[in-house]
Amino acid sequence: MIPYGRQNISAEDIAAVTAVLQSDCLTQGPQVPLFEQKICEFTSAKYAVAANSATSMLHLACLALGVGDGDYVWTSPITFVASANCALYCGGKIDFVDVDRHTGNMCPKALQSKLKQAKAQNRLPKVLIPVHMAGHSCDMQAIWQLAQAYGVRVIEDASHGIGGSYLDSKIGACKYSDITIFSFHPVKIITTAEGGVATTNNPDLAESMQLLRSHGITKTPEKMLRPEEGDWYYEQHELGFNYRMTELQAALGNSQIKRLSSFVEQRNKLAAAYLIELAKLNITCVVPLDNSYSAYHLMIVVLPEHIDRKAVFDAMRAANIFVHVHYFPVHLQPYYLNKGFAEHDFPEAEYFYQHCLTLPLYPDLTEQEQGYILDTLTGLL
Ligand SMILES: *Cc1c(COP(=O)(O)O)cnc(C)c1O
């Protein structure tokens, strides 16, 4: 079976993790701060906070931005459920902004009219979470401008996006957002097995996320109520969590990040080959904005309306090609239907879902495998 995505683990990665296992610190050692520093260097963000998953970091980012009881958070319906769930963890409410049917990314026009309406009804969201589908940046300049105009904070869900750039900055530089989140799940661009990082340029947001990641506990004497207590002493200042990343995970990340640029180059090379061949078949692909460089987490095609997506999907799977569909719209998940969302609420997202198909794309995909995938698809159209 050719998977749709797969991690690349080198002998050096294995040695890095093994070295940590033989060291004194399996958690709360030097590897996590080093990983955070490397993420800062790569993205040019001022601060990076690592945790055990992107989901955890989305939760902490919402908390740091003050999402609480009854506050609205808006995200895209075309995303993994975690982009929406994070608001509910904080007691907030979720709503969605429809996407552009050609990209699956949040549509600035839809955002503009929804903000206008929400303002008139006095129910503006506190936080907006655009998602860079497939690693292709949203139109962040337009989104950030609108968010600023309406006083809404922005978290970029860049779970797909590390290694990409938009205009003149790396994804994660937070030039057009308050916080950016990356995921290091094995199907993503680089992996720590499980893991996530938030980047920000705001020291208060960074400090808040650091505190919440580890029980809301501080060991900084200047912050303490009773600093004279002794060296054993720590203070809890907030209701935090244990969302810490382990040293094993961070060591894997520190080793993987050395190959981040080459992974992304290889993904772009394979994507370019797909684009040339799929154009010959008149198949539309989801492509990045002109002024951006994508990490190309996913190769998504939008099949013509007359083609039965399910039949193509089943036939590809039968041919040992593990194609996928990203994503079933979040508002149509039974959990969210129970919250009052319904079919036709976000028609562009529903259109995108009906016709999209994810083809295998990962650095180790061979030309032969790619040829087989394209030949199989051609035979089905
Ligand atoms: C993978 C993913 C997440 C969650 O990441 P984890 O690290 O698995 O928690 C969130 N949002 C999007 C868009 C994702 O693809």
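Both ligands and their constituent atoms are indexed starting at 1 by order of listing. Position 1 is the first residue of the sequence, and the numbers go up from there.
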Self-check item: Where at least one partner belongs to residues 296-313, residue pairs that pass salt bridge (Lys or Arg N to Asp or Glu O under 4.0 Å), sequence neighbours excluded
Solution: Lys310-Asp314
Quiz item: Can the ring centroids of Phe42 and Phe182 be said to lie less than 6.0 angstrom from one another?
Solution: no
Exercise. May I ask you to check whether Tyr353 and Tyr327 place their ring centers less than 6.0 Å from one another?
Key: no
Quiz item: Who pairs with Arg153 by side chain to side chain donor-acceptor pair (under 3.5 Å), at least two apart in sequence or on another chain?
Solution: Asp178
Can you list, pair by pair, the side-chain donor-acceptor contacts under 3.5 Å of residues 373-381, counting residues two or more places apart and other chains?
residue: Thr376; atom: OG1; partner: Tyr372; partner atom: O; Å: 2.6
residue: Thr378; atom: OG1; partner: Leu374; partner atom: O; Å: 2.6

Exercise. Anything with a heavy atom under 4.0 Å from ligand 1 counts, so go ahead and list those protein residues by chain and number.
Key: Ser53, Ala54, Thr55, Thr79, Phe80, Ala82, Ser83, Val131, Asp157, Ser159, His160, Ser183, Lys188, Gly195, Tyr327
Quiz item: Checking side chain to side chain donor-acceptor pair (under 3.5 Å) for the pair Thr180/Glu156: CA distance, chi angles, key distance, verdict?
Solution: CA-CA 5 Å; Thr180 300; Glu156 293 172 72; 3.0 Å; yes
